[in-house]
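Quick notes on the structure that follows.
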Amino acid sequence: MSHGPLAGQTALVTGATRGIGLAIALRLAADGARVVGTATTDEGAARIAALLSDIGNAGTGMKLDVTDAAETDAVLAAIEAKYGAITILVNNAGVTRDNLLLRMKDDEWDAIMATNVKPAFRLAKAVLRGMMKARHGRIIQIGSVVGSSGNAGQVNYASGKAALLGFTKSLAQEVGTRNITVNCVAPGFIDTDMTRGLPEAARETLLSRIPLGRLGTPEDIAHAVAYLASPGAAYVTGATLHVNGGMYMV
């Protein structure tokens, strides 16, 4: 039997193969939730399932293309049939298609909206019925510092992340009376495969902009998500929690 502040709850974490998504899945599992983490491939889903099994979690990994409405419906139905209603939703899946606006193609814009924005709408709408019936739920978006600060070469990505902020505030107002909270965690620059590939000079320039003097870790983001999913955050809704080492201060 699971123990911890999230015992008895079912969490869905999209984009959980590695990095921030995987750290979130493992942290929610450590706090007692049954976790379903999604991946874009069967191999990725199997890896998530194995990692959850290794720590004794009753959850699993599942393949999901969040841009596919039919596949999303099927996965959600399978989760609810096996684990019951989803009470924690973490919208983490996302892509980047960086380019200067003058060079940006329509498909580079559309890919961001299809993957980073529309699934948040589709998944939240799908899980809300169960949350409203239970009179309890946590919906958490994974945004980005650039959704607030902007970033040259990322007009599409920053626009998508900014959209999540408005989505979060509006939905929080709609469902608050049912004891459902809706929040956003906005990571800064995190130590991932992408940032490890930066030239040393670029890395040093980046670090000079961060008062804490280091990149964030996936676990830093996972801790913030775990807080917002916990009973301790029951009076926090419509908020964006910036986790960026001080490089952007609201």
Side-chain angles (χ1 to χ4, degrees), residues 5-6 8-16 20-21 24 28 31 33-36 38 64 66-80 83-94 112-148 156-187 221 224-243 250:
L6 302 180
Q9 297 197 49
T10 299
L12 172 61
V13 182
T14 64
I20 290 172
I24 292 169
L28 296 181
D31 283 354
R34 293 180 298 269
V35 176
V36 177
T38 72
L64 173 62
V66 294
T67 69
D68 186 323
E71 186 173 7
T72 298
D73 290 344
V75 166
L76 291 173
I79 293 170
E80 293 193 7
Y83 300 108
I86 294 165
T87 51
I88 301 168
L89 169 64
V90 182
N91 284 313
N92 172 69
I112 294 297
M113 299 305 153
T115 307
N116 298 10
V117 182
K118 192 167 185 178
F121 153 75
R122 183 181 289 131
L123 287 164
K125 184 178 180 181
V127 303
L128 270 177
R129 190 175 300 277
M131 290 181 177
M132 292 176 76
K133 184 177 180 180
R135 300 190 69 83
H136 174 79
R138 300 283 191 265
I139 296 174
I140 303 166
Q141 324 289 356
I142 303 302
S144 170
V145 62
V146 306
S148 297
N156 52 357
Y157 185 76
S159 296
K161 293 302 185 180
L164 292 180
L165 304 188
F167 180 96
T168 293
K169 292 175 182 179
S170 299
L171 184 57
Q173 293 179 42
E174 291 184 15
V175 299
T177 58
R178 297 300 183 96
N179 197 35
I180 300 167
T181 66
V182 189
N183 292 290
C184 181
V185 174
I221 308 306
V225 172
Y227 163 67
L228 291 174
S230 75
Y235 202 57
V236 179
T237 196
T240 296
L241 179 53
H242 287 276
V243 186
V250 180

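Values below: every heavy atom of this structure, side chains too, minus hydrogens, waters and symmetry copies.
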Atom pairs and distances, side-chain donor-acceptor, residues 112-119, under 3.5 Å, sequence neighbours left out:
from, atom 1, to, atom 2, distance (Å)
Thr115, OG1, Ala111, O, 3.1
Asn116, OD1, Val95, N, 2.9
Asn116, ND2, Val95, O, 3.0

OG1 of Thr177 to CE of Met132, rounded to nearest 0.5 Å, is 7.0 Å

side-chain contact (heavy atoms from CB on, under 4.5 Å) filter on Glu80, not counting sequence neighbours, yields none

Please tabulate, for the side chains in residues 229-241, all donor-acceptor contacts under 3.5 angstrom to protein atoms that are two or more places apart in sequence or on a different chain.
from, atom 1, to, atom 2, distance (Å)
Ser230, OG, Tyr227, O, 2.6
Ser230, OG, Gly232, N, 3.2
Thr237, OG1, Val182, N, 3.0

Scan the side chains in residues 158-176 for donor-acceptor partners under 3.5 Å anywhere in the protein, sequence neighbours excluded, and list what turns up.
from, atom 1, to, atom 2, distance (Å)
Ser159, OG, Val155, O, 2.6
Lys161, NZ, Ile142, O, 2.9
Thr168, OG1, Leu164, O, 2.8
Ser170, OG, Gly166, O, 3.0

To check you understand the geometry: which heavy-atom pair defines the closest contact between Gly143 and Cys184, and what is its length? N-SG, 3.7 Å

Could you state the interatomic distance from CD1 (Ile79) to CG (Leu64), rounded to the nearest 0.5 Å? 8.0 Å

Closer than 3.5 angstrom, by distance alone: can the side chain of Thr87 be matched with the main-chain N or O of Gly137 as a donor-acceptor pair? no

Can you pull the side chain to side chain donor-acceptor pair (under 3.5 Å) pairs that have at least one residue in residues 122-141, sequence neighbours excluded? Gln9-His136, Asn91-Gln141

Those residues at least two apart in sequence (or on a different chain) that pass side-chain hydrogen bond (donor to acceptor under 3.5 Å, both in side chains) with Asp31 are Arg27

Give me the one residue out of Ile20, Leu28, Leu12 that meets side-chain contact (heavy atoms from CB on, under 4.5 Å) with Val90. Leu28

Taken to the nearest 0.5 Å, the spacing of Asn183 CG from Leu228 CG works out to 5.0 Å

d(Asn179 CG, Thr181 OG1) to nearest 0.5 Å is 8.0 Å

Please give me the minimum heavy-atom distance between Tyr83 and Thr10, naming the atom from each residue. O-OG1, 3.3 Å

Who are the side-chain hydrogen bond (donor to acceptor under 3.5 Å, both in side chains) partners of Ser148, not counting sequence neighbours? none

With Thr14, which residues qualify under side-chain hydrogen bond (donor to acceptor under 3.5 Å, both in side chains), at least two apart? none

Run the numbers on Val13 and Ile88 for side chain to side chain contact (heavy atoms under 4.5 Å, CB included), then give the verdict. CA-CA 8 Å; Val13 182; Ile88 301 168; over 6 Å; no

Closest approach of Leu89 to Ile86 (non-hydrogen atoms, all atoms of both residues): N-CG2, 4.5 Å

